[in-house]
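Working notes, beginning with the structure itself.
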Amino acid sequence: DLKSYESRRWDVGETYSVDFFEDQFVNVTLISSDSPELESYLSALDDGGKIAIDLEWEDEISLIQFCSSKFVLIIKHVKG
């Protein structure tokens, strides 16, 4: 039930192993767009292959998701 995920708390800086792709658990990390570690996380995504990107927004971009074969990075945009 996907509705149950809407009430779960996921704090910036946390990583969980998530059934992100069907029957395949992947590490998913949530960071903030103003994180001093942002550049190192983005560099770590690079595996020489393709990277999928998904954007979500309300009044402005609120989440940016990057998916590679290594892990998934979700960046929470700081409003403003």
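Bear in mind that the values here come from a model prediction, so they are computed numbers and not experimental data. Just so it is clear, the values below take in all heavy atoms, side chains as well, and ignore hydrogens, waters and symmetry mates.
The shortest distance between side-chain heavy atoms of Trp10 and Thr29 does not fall below 4.5 Å. Using a 4.5 Å heavy-atom cutoff, the side chains of Phe71 and Val28 are not in contact. With a 4.5 Å cut-off on side-chain heavy atoms, Lys76 and Ile31 do not count as touching.
When all heavy atoms of Glu60 and Val78 are compared, the closest pair comes out as OE2-O, 4.0 Å. In this structure, Gln65 and Ile74 approach most closely via the heavy-atom pair CG-CG1, 3.9 Å.
Taking SG of Cys67 as the start and CD1 of Ile53 as the end, the distance is 9.5 Å to the nearest 0.5 Å. Annotation: the span from Ser68 atom OG to Ile51 atom CD1 amounts to 5.5 Å, rounded to 0.5 Å.
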Residue pair Leu45, Leu73: steps toward the side chain to side chain contact (heavy atoms under 4.5 Å, CB included) verdict = CA-CA 8 Å; Leu45 279 168; Leu73 180 65; 4.1 Å; yes

Check the pair Ser33 / His77 against side chain to side chain contact (heavy atoms under 4.5 Å, CB included), numbers first and verdict last.
-> CA-CA 5 Å; Ser33 61; His77 183 261; 4.1 Å; yes

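For Ser17 (side chain) and Phe25 (main-chain N/O), no donor-acceptor pair under 3.5 Å exists by modelled atom type.
In summary, the side chains of Glu39 and Tyr41 do not present any donor paired with an acceptor at a separation below 3.5 Å, with no hydrogens or angles considered.
If you run side-chain contact (heavy atoms from CB on, under 4.5 Å) between Val72 and each of Val18, Asn27, Val26, only Val26 comes through. Of the candidates Leu63, Leu38, Asp34, Leu30, Ile75 forms a side-chain contact (heavy atoms from CB on, under 4.5 Å) with just one, namely Leu38.
Summarising the local packing, CG of Asp11 is surrounded by more than 12 heavy atoms from other residues, nucleotides or ligands at distances under 6.0 Å.
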